[in-house]
Amino acid sequence: MANVFDILKERGYIEQTTHEEEIKELLEKESVTFYIGFDPTADSLHLGHFIQIMVMMHMQRAGHRPIAVIGGGTAMVGDPTGKTEMRKMLTEEEINKNAAALEKQISKFIDLDDDKGIVVNNALWLRNLNYIHFLREIGVHFSVNRMLTAECFKTRLEKGLSFLEFNYMLMQSYDFLELYRRYNCKLQLGGNDQWSNILGGIDLIRRKEGASVYGLTFRLLTTSEGKKMGKTESGAIWIDPDKTSPYDLYQYLRNIGDADVEKALALLTFLPMEEVKRLGSLEGAEINKAKEILAYEFTKIVHGEEEAKKAQKAARALFSNEAEDAASVPSTEMEKERFTKGVGILDLLTETGLTSSKSEGRRLIKQGGIYLEDERINDMDLIITTKNFKDNKLLLRRGKKIYHQIELV
RNA sequence: GGAGGGGUGCCCGAGUGGUUAAAGGGAGCAGACUGUAAAUCUGCCGGCGAUUGCCUACAAAGGUUCGAAUCCUUUCCCCUCCA
């Protein structure tokens, strides 16, 4: 069987490693406990985080033991890496709430039974640290001079960096040490922006324990233009189905740029690489098949086969004009009575969330971007009544591909 | 603690008394073209209402003025240099 390291490398996850050969060897000869950190800065993971989840799944499948560390302690401080300025501080309640939500999500993707995987919150050891004690035990091992030369602080030195944030690196390093002590965790993985934080932990463990541990970073999920993937006008693409519906998730990937298809297939699905390459090399309109597969496979991983099928079916129905079975299109239920009098189109658009304000709705109608059952609307005073509904359903469309269904109840 | 500089719309960034809902760029949205792609072109891009209107907005709160993002005062925050 191929080494996971090779698998990860072939699929394009790996960006940097501390000791390529040693890591490979280690992964070959034993079941390795490794960790990845997640910051509870929101109450759901988003598409960008999913690279990390995918890696965990790959690793777990290969018999290694993942630890997902929820940064309930580190979030109290905030990671300055990659930020141009200090981010707003979250309250303790927010952090706790987010941490609980993330924990629940992560446990859906990695197997926690029989100690095969672990989810742990670093608040457990960080929040009650004694300052003096911490400085003496941990702080001594960090050279400020060296930290300042780290790339991640450089940008912040121009804009200003608070002492609070400066400590983030120590805390994350300490995490690694704790995990090494508690679980014999020997490998830390993370996004490429975590490189210096990871190195800090490795150094610390060497100094405190005289042990060699390793680090590895992966690519951030970006488009071919180098922009972060997973962001849209309405915000991030979330894993939580209440924040981003399976249909929208599906559509997001379905609409991915040609140049990104192969990369996304490798990173976000478990399809064999030969298949990934084959699909990625399709040209012209053919590549749409690859996009469909990508969208389907990924939705399946995140939300399960059933949701993936529903999303695919809905998408196909809508885009091939067979307006049946739009079951999974985002929909809103509204009371039938309201439509006996009639509801203005602008209100309807806003209520369904298709537009964020009536002004936007007006604008879109003016530009010809709103459709009712595939008929372009020109009249912004249009009143929708029960007559517009077929079987108590009405399909609204914004632009080419954003649909929303209204159901009468 | 002292001296100086600064805080503008999603982001970057012009604007130093009126014609500024605020140049320009990026992002985003819509239209055309396409393959539910990219590139390109066109339009839009605070809210409410509608045939030229109203409200909210240039860190916050006050003030000067017919009129302020622009001037003054206070507060908060950030940066640079000195301690």
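Small disclaimer: the values here were computed from a predicted structure and weren't measured. Just so we're on the same page: letters track the sequence lines, and every chain starts at 1.
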Against the side chain of K366(A), the closest entry in A30(B), A50(B), U36(B) is A50(B)
Opposite nucleotide pairing with G53(B), Watson-Crick or G-U, both atom distances under 3.5 Å: C48(B)
Separation between the C1' atoms of U40(B) and G6(B), rounded to whole Å: 40 Å
Minimum-distance nucleotide (side-chain atoms of K401(A) versus G31(B), A37(B), U36(B)): A37(B)
Distance check, C1' atoms only: G9(B) and U42(B), in whole angstrom units. 24 Å
Would you kindly compare G284(A) and I370(A) by the position of their nearest RNA chain B nucleotide and give the one closer to the 5′ end? I370(A)
Nearest-angstrom distance, P atom, A37(B) to G28(B): 14 Å
Would you mind telling me which of U36(B), G49(B), C44(B) lies closest to the side-chain atoms of N255(A)? U36(B)
Which one is paired to C41(B), where only Watson-Crick or G-U wobble pairs with both distances under 3.5 angstrom count? G31(B)
Taking atom types as modelled, find out whether S44(A) and Q105(A) have a side-chain donor-acceptor pair closer than 3.5 angstrom. yes
Quantified in whole Å, what is the P atom distance between nucleotide C12(B) and nucleotide G7(B)? 12 Å
Watson-Crick or G-U wobble partner of C58(B), both distances under 3.5 Å: none
Provide the distance between the two C1' atoms, one in U80(B) and one in G25(B), to the nearest whole Å. 27 Å
Of the candidates G35(B), G31(B), C29(B), the side chain of R376(A) sits closest to G31(B)
D203(A) side chain vs G200(A) backbone, donor-acceptor pair below 3.5 Å: no
So which nucleotide does U16(B) pair with, by the Watson-Crick or G-U wobble rule with both distances under 3.5 Å? none
Just by distance, no angles: are the side chains of Q188(A) and Q172(A) close enough, under 3.5 Å, to form a donor-acceptor pair? yes
How many whole angstroms separate atom CG of D379(A) from atom P of U51(B)? 12 Å
Taking A27(B) as the reference, what is the distance to C11(B) when you measure between their P atoms (whole Å, please)? 16 Å
Euclidean distance, atom NE2 of residue H404(A) to atom P of C29(B) [Å, nearest integer]: 18 Å
Now, which nucleotide makes the Watson-Crick or G-U wobble pair with A69(B), with each of the two distances under 3.5 Å? none
Tell me whether the OP1 or OP2 atom of G47(B) has a side-chain N or O from R363(A) closer than 4.0 Å. yes
Nearest-Å distance, NZ (K291(A)) to C1' (G35(B))? 7 Å
Integer angstrom distance from the P of C29(B) to that of G47(B): 16 Å
Contact class for Q251(A) vs. all strands (heavy atom < 4.0 Å): base, sugar-phosphate, or nothing? base
Nearest-neighbour nucleotide for the Y371(A) side chain, G31(B), A50(B), G35(B) considered: G31(B)
Donor-acceptor pair, side chain of N121(A) and main chain of G72(A), under 3.5 angstrom: yes
Across every strand shown, the nucleotide meeting Watson-Crick or G-U wobble geometry with U80(B) (both distances under 3.5 Å) is A3(B)
Given atom CG of L349(A) and atom P of A30(B), what is their separation to the nearest angstrom? 13 Å
The side chain of R398(A) is closest to which nucleotide in this list: C29(B), A37(B), U36(B)? C29(B)
C1' gap between A21(B) and C76(B), integer Å: 26 Å
Does K358(A) make a side-chain N or O approach to OP1 or OP2 of G49(B) shorter than 4.0 Å? yes
Ranking E292(A) and M380(A) by the position along RNA chain B of their nearest nucleotide, the one closer to 5' is E292(A)
From the list F109(A), F218(A), W238(A), Y252(A), ring-ring contact (aromatic ring centres under 6.0 Å, His included) with F50(A) holds only for F109(A)
Is the distance from OP1 or OP2 of G35(B) to the nearest side-chain N or O of R254(A) less than 4.0 Å? no
Taking OH from Y403(A) and C1' from U36(B), how many angstroms apart are they, rounded to a whole number? 9 Å
Without decimals, in angstroms, what is the distance between N288(A) CG and U34(B) C1'? 11 Å
From CZ of R362(A) across to C1' of G43(B) the rounded distance in Å is 18 Å
Expressed as a whole number of angstroms, how long is the span from E286(A):CD to G35(B):P? 13 Å
At under 4.0 Å between heavy atoms, what does K400(A) touch on the DNA or RNA strands: base, sugar-phosphate, or nothing? base
Whether the side chain of Q60(A) engages the backbone of K116(A) through a donor-acceptor N/O pair (distance < 3.5 Å, no angle test) should be reported. yes
Answer with base, sugar-phosphate or nothing: what part of the nucleic acid does S357(A) contact at a heavy-atom distance below 4.0 Å? sugar-phosphate
Can you check whether I138(A)'s main-chain N or O pairs, donor with acceptor, with H141(A)'s side chain at less than 3.5 Å? no
At less than 3.5 Å, do the side-chain atoms of Q367(A) and the base atoms of G43(B) form a donor-acceptor pair? yes
Verify whether the ring centers belonging to F319(A) and Y403(A) lie closer than 6.0 Å. yes
